[in-house]
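Here's the structure we're looking at; comments come further down.
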Amino acid sequence: MNAGGSEGAGLATRAIHAGEGTDPHTRAHAVPIYQTATFAFDSAEAEENAAERVLAREPDAFLYTRAGNPTTDALQRKVADLEGADESLICSSGMAALATAVLSVLNAGDHCVIPEDIYMGTGILFDDALGSKGVRVTRVDTTDQAAVEAAIRPNTKAVFVESISNPHMLFSDVEALARLAHANQALLIVDNTFLSPVLFRPLEYGADLVVHSATKYLSGHGDTVAGTIAGRKELVDRAHHYQEVIGGAPSPFNSWLVLRGIHTLPMRMRAHSDNALRLARFLDDHDAVEWVRYVGLGSHPQHEAARRYLHQGFGGMLTMRLRGGEAEMSAFAGAVRLGAIAVSLGDLKTLVNPMAKHDCIIRVSVGCEDPEDLIGDFGSALSAAAATAGVV
């Protein structure tokens, strides 16, 4: 597949053209779905040559889809272009991407610093899966540089952070964390799922690897599962080796769905960000809401830090807590009509995730609906929640 030219182009142009081009075999204008497990050769020598090229990580070398596929390869070139990375790697899920990344840099006896506020699955990976294999983990408030510095040990090999934490929406200073990690000969790994490379590119601020659940904003339509890793070539090559051994490659169809989704990523992120800011302001002024945490609000504890990094918008994720408790939370979630009660995020459609075990907070992935409709719907749901006050 000949990569489309996008050098020096704007982000929207690159989202559409980078990594793509006319298919050299069929002349197809859109990237085909190479839905095949294996690739055939005219001779034993040709197969052996292909195997050597695959092992050497040469471009356009394909032997077996677990090790590489033309559809996935086009997506990898696109993601690397958008992230400003040497290379990227597509994995079968966001957790597969994170697990592959950390397994490629952490060994038994190593130490890693991670946030206190973190996605549940990520916490299980570090505390349980890696912990049981001899990797030591320390959780700290990564918005506190002094706390991170105090947690670093001589055997610290990595600092991991979410650019916006899940579920409490805290914002960590990636550039400062990168300096701190590098001063201690450690790597900085950033999960940038909540912002996408449209709004934030951690590699530009010193991060060594950036991962995404491509299921979320990169795909954007709630119809596929995939993950990405991007960074320097030597680091991504090492992750690719681990992916092949573990078997965490995506299906070509899933790669194609993410590839198609990225075409509209810049437009969608503008809509997500604009809608979330308007909805957050509405919620912040509502009597039924105890607090709202959205990095675009001046009341957010890291708002000024976020403004130094996020110049194109603050993303589509917010968390709030209603006055009252579980009854009010449940009443609100049940009354929302435009926001399905569901896990995941980054969909065109608004998703509401009530979390009784997290002090009854409600995480909202704000979609791309008309903002007036969202505000009206949430207003009605808040009235329903307020009507339950005093109900046990």
Side-chain angles (χ1 to χ4, degrees), residues 94 117-122 162 164-170 193-196 213 215-225 268-269 271-297 299-300 313-389 391:
D117 189 49
I118 198 172
Y119 169 56
M120 179 183 65
T122 301
E162 296 169 336
I164 295 180
S165 72
N166 184 3
H168 287 96
M169 308 299 154
L170 304 177
T193 297
F194 278 18
L195 289 172
S196 91
S213 172
T215 309
K216 312 315 194 280
Y217 288 109
L218 296 185
S219 169
H221 292 75
D223 55 10
T224 190
V225 175
R268 288 188 285 106
M269 292 313 298
H272 286 298
S273 296
D274 291 346
N275 283 2
L277 181 58
R278 290 185 61 174
L279 183 60
R281 286 171 173 165
F282 166 76
L283 296 170
D284 200 35
D285 289 335
H286 201 286
D287 290 340
V289 178
E290 183 176 331
W291 54 259
V292 179
R293 189 160 292 152
Y294 177 66
V295 291
L297 289 179
S299 58
H300 189 282
F314 296 97
M317 297 301 300
L318 64 86
T319 293
M320 63 178 178
R321 192 185 190 285
L322 306 186
R323 300 189 190 281
E326 189 169 352
E328 287 77 9
M329 177 198 73
S330 297
F332 169 84
V336 172
R337 294 292 172 257
L338 293 179
I341 300 174
V343 298
S344 198
L345 56 105
D347 199 322
L348 284 164
K349 303 172 184 177
T350 294
L351 300 174
V352 174
N353 187 8
M355 300 181 176
K357 293 182 179 180
H358 283 275
D359 196 27
C360 296
I361 64 174
I362 303 169
R363 192 190 71 183
V364 182
S365 171
V366 183
C368 294
E369 299 92 346
D370 289 309
E372 295 81 6
D373 293 332
L374 282 175
I375 289 171
D377 186 38
F378 272 58
S380 297
L382 288 171
S383 297
T388 69
V391 176

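Numbers here simply count residues along the sequence, with the first being 1.
Judged by distance alone, the side chain of Asp377 and the main-chain N or O of Val336 form no donor-acceptor pair under 3.5 Å. With hydrogens and angles ignored, the 3.5 Å screen pairs a side-chain donor or acceptor of Ser330 with a backbone N or O of Glu326. Between the side chain of Tyr294 and the backbone N or O of Gly315 there is at least one donor-acceptor pair closer than 3.5 Å. Proximity of a side-chain donor or acceptor of His286 to a complementary backbone N or O of Asp284 within less than 3.5 Å is not detected. Listed for the Arg337 side chain is no donor-acceptor partner under 3.5 Å among the backbone atoms of Ala340. In this structure, the side chain of Thr319 engages the main chain of Pro167 through a donor-acceptor pair within 3.5 Å. Within the 3.5 Å criterion, the main-chain N or O of Met169 finds a donor-acceptor partner in the side chain of His300. Between the side chain of Thr350 and the backbone N or O of Gly339 there is no donor-acceptor pair closer than 3.5 Å. A distance-only check finds a donor-acceptor pair linking the side chain of Thr193 to the backbone of Ser213 [under 3.5 Å]. Panel note: side chain Glu162, backbone Asn166; a donor-acceptor pair is recorded below 3.5 Å.
Here the side chains of Leu338 and Asp373 are in contact, with some heavy-atom distance below 4.5 Å. Annotation: side chain of His221 is in contact with side chain of Arg268 (closest heavy-atom distance under 4.5 Å). Side-chain contact between Met329 and Met355: absent, with no pair of heavy atoms (C-beta onward) separated by less than 4.5 Å. Residues Arg278 and Glu372 form a side-chain contact, since some pair of their non-hydrogen atoms from C-beta on lies under 4.5 Å apart. Between Phe332 and Val289, the closest side-chain pair of non-hydrogen atoms is not below 4.5 Å. Between Phe282 and Leu382, some side-chain heavy-atom pair lies under the 4.5 Å cut-off. Two residues are said to be in side-chain contact when any heavy atoms from C-beta on lie closer than 4.5 Å; Val364 and Leu351 fail this criterion. Looking at Phe314 and Leu297, their side chains never come closer than 4.5 Å, going by heavy atoms from C-beta outward.
In this structure, CE in Met269 is found 9.0 Å from CG in Leu218, a value given to the nearest 0.5 Å. Taking CE of Met320 as the start and SG of Cys360 as the end, the distance is 12.5 Å to the nearest 0.5 Å. Considering CH2 of Trp291 and CD1 of Ile361, their distance stands at 5.5 Å, rounded to 0.5 Å. The OG atom of Ser383 sits 13.0 Å away from the CZ atom of Phe378 when rounded to the nearest 0.5 Å.
Residue His272 comes nearest to Asp347 through the heavy atom pair CE1-O, 3.2 Å, listed as atom of the first residue, atom of the second, then distance. Pairing each heavy atom of Ser299 with each of Val292, the nearest pair is OG-O, 4.5 Å. Here the closest heavy-atom approach between residue Ala331 and residue Ala385 is recorded as CB-CA, 4.0 Å. Contact between Gly346 and Ser365 at its shortest, heavy atoms only, is N-OG, 3.0 Å. Between Arg321 and Asp359, the shortest heavy-atom contact is NE-O, 2.8 Å. Closest approach of Pro354 and Ala333 over heavy atoms only: CG-CB, 4.0 Å.
Shown are Leu279, Asp274, Val366, Asn275; of these, the side-chain contact (heavy atoms from CB on, under 4.5 Å) with Pro371 is made only by Asn275.
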Between Leu170 and Ile164, is the side-chain contact (heavy atoms from CB on, under 4.5 Å) condition met? List the steps. CA-CA 5 Å; Leu170 304 177; Ile164 295 180; over 6 Å; no
Between Arg363 and Leu345, does the side-chain contact (heavy atoms from CB on, under 4.5 Å) criterion hold? Intermediate values first, please. CA-CA 9 Å; Arg363 192 190 71 183; Leu345 56 105; 3.8 Å; yes
Under the side-chain contact (heavy atoms from CB on, under 4.5 Å) rule, what do Arg293 and Leu318 come out as? Steps first, then yes or no, please. CA-CA 6 Å; Arg293 189 160 292 152; Leu318 64 86; over 6 Å; no
Determine whether Glu369 and Lys349 satisfy the following criterion, side-chain contact (heavy atoms from CB on, under 4.5 Å), listing intermediate values before the conclusion. CA-CA 7 Å; Glu369 299 92 346; Lys349 303 172 184 177; 4.1 Å; yes
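No more than 12 heavy atoms of other residues, nucleotides or ligands shown are found within 6.0 angstrom of CG on Asp287.
Salt bridge Arg323/Glu290: absent, no basic N to carboxylate O contact under 4.0 Å.
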